[in-house]
Amino acid sequence: QGQLAESGGGSVQAGGSLRLSCVGSGYIYSGNCMGWFRQAPGSEREGVAAIDSAGSTRYADSVKGRFTISQDNAKNTLYLQMNSLKPDDTATYFCATKNRRICDGAPLSPNEYRIWGQGTQVTVSS
């Protein structure tokens with residue numbers, strides 16, 4: 001039993017920034033592997049960024065240096081800071097968790113994650 005809820009999406013111009021938030025409720029283990037994923041219409045879901053129980057992060061090459069994943073365990077919240085946004089970043093963004101007490105090495109593979117949020121839309125205009 002657990003739920004994730006994303007927020008913070010919106011429409012921005014190229015070069016702008018957004019910060020996405022993902023709040024966990026119910027039986028969501030803090031400090032476990034969590035990730036951000038995105039899916040554009042007609043495209044497969046892809047991993048964007050992930051963080052494990054030790055705070056180690058992993059990023060897709062397409063966003064490395066522009067996006068930062070972080071978490072606030074006290075607030076049970078996951079964040080994705082997105083800077084220098086590009087039109088190619090336009091997608092529905094989802095947060096997800098493996099929901100394990102310990103996770104060593106957060107993967108970017110969507111099939112590794114058990115609980116998903118509803119998604120938040122990010123649109124970047126050229």
Side-chain angles (χ1 to χ4, degrees):
Q1 300 284 353
Q3 295 181 342
L4 300 174
E6 304 96 334
S7 63
S11 182
V12 299
Q13 61 187 6
S17 298
L18 286 172
R19 188 177 74 161
L20 306 183
S21 299
C22 173
V23 179
S25 61
Y27 296 105
I28 302 295
Y29 295 113
S30 63
N32 75 106
C33 286
M34 301 189 71
W36 287 98
F37 304 82
R38 66 187 183 187
Q39 187 168 20
S43 300
E44 66 180 3
R45 191 179 303 171
E46 63 174 335
V48 174
I51 186 167
D52 69 10
S53 58
S56 296
T57 58
R58 186 190 303 267
Y59 297 93
D61 289 341
S62 60
V63 307
K64 191 172 298 183
R66 299 188 297 120
F67 291 9
T68 303
I69 187 171
S70 62
Q71 59 189 355
D72 186 335
N73 290 329
K75 297 180 179 180
N76 201 26
T77 301
L78 180 75
Y79 301 99
L80 183 68
Q81 179 67 46
M82 304 186 294
N83 297 327
S84 301
L85 283 162
K86 305 175 181 179
D88 287 347
D89 295 319
T90 296
T92 301
Y93 284 71
F94 302 87
C95 66
T97 179
K98 294 187 72 173
N99 205 30
R100 304 296 190 190
R101 292 186 181 273
I102 300 294
C103 181
D104 184 10
L108 289 175
S109 301
N111 63 299
E112 297 287 340
Y113 292 81
R114 298 171 61 87
I115 300 175
W116 292 79
Q118 81 286 354
T120 185
Q121 179 66 36
V122 172
T123 302
V124 184
S125 301
S126 62

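- Interatomic distance, Lys98 NZ to Asp52 CG, rounded to the nearest 0.5 Å: 10.0 Å.
- Using a 4.5 Å heavy-atom cutoff, the side chains of Pro87 and Val124 are in contact.
- Taking hydrophobic clusters as Ile, Leu, Val, Met, Phe, Trp and Tyr residues chained together by side-chain heavy-atom distances below 4.5 Å, Ile115 shares a cluster with Ile51.
- Rounding to the nearest 0.5 Å gives a distance of 6.5 Å between CZ of Arg66 and CG of Leu85.
- When all heavy atoms of Cys33 and Pro107 are compared, the pair lying nearest together is SG-CD, 4.4 Å.
- A donor-acceptor contact shorter than 3.5 Å links the side chain of Ser53 to the backbone of Cys103.
- Within the 4.5 Å cutoff, the side chain of Leu80 has no heavy atoms near those of the Arg38 side chain.
- Of the possible polar contacts, one joining the Thr77 side chain to the Lys75 backbone as a donor-acceptor pair under 3.5 Å is found.
- For the pair Glu6 and Trp36, the minimum side-chain heavy-atom distance is below 4.5 Å.
- The aromatic rings of Phe67 and Tyr93 sit tilted, their planes meeting at an angle between 30° and 60°.
- Residues Ile69 and Leu4 are members of one and the same hydrophobic cluster, defined by side-chain heavy-atom contacts under 4.5 angstrom among Ile, Leu, Val, Met, Phe, Trp and Tyr.
- Side chain of Asn76 to backbone of Gly24: a donor-acceptor contact under 3.5 angstrom is found.
- Under the 4.5 Å side-chain criterion, counting only non-hydrogen atoms from C-beta, Thr97 is not in contact with Leu78.
- Between the Asn32 side chain and the Asn99 main chain, a donor and an acceptor come within less than 3.5 Å of each other.
- With hydrophobic clusters built from ILVMFWY side chains whose heavy atoms lie under 4.5 angstrom apart, Tyr59 shares a cluster with Val122.
- With contacts defined as side-chain heavy-atom distances shorter than 4.5 Å, the pair Gln3/Val23 does not qualify.
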Let me check something: any side-chain donor-acceptor pairs from residues 11-22 under 3.5 Å, sequence neighbours excluded? List them with distances.
| unit_1 | atom_1 | unit_2 | atom_2 | d |
| --- | --- | --- | --- | --- |
| Ser17 | OG | Asn83 | OD1 | 2.9 |

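- Between Phe37 and Tyr113, the ring planes lie perpendicular to each other; the angle is over 60°, past the 30° to 60° tilted range.
- A salt bridge between Asp89 and Lys86 is absent, with no side-chain N of the basic residue lying under 4.0 Å from a carboxylate O of the acidic one.
- The two residues Phe94 and Gly117 have their closest heavy-atom pair at CD2-O, 3.6 Å.
- Applying the 6.0 Å contact sphere to CG of Asn111 captures more than 12 heavy atoms from other residues, nucleotides or ligands.
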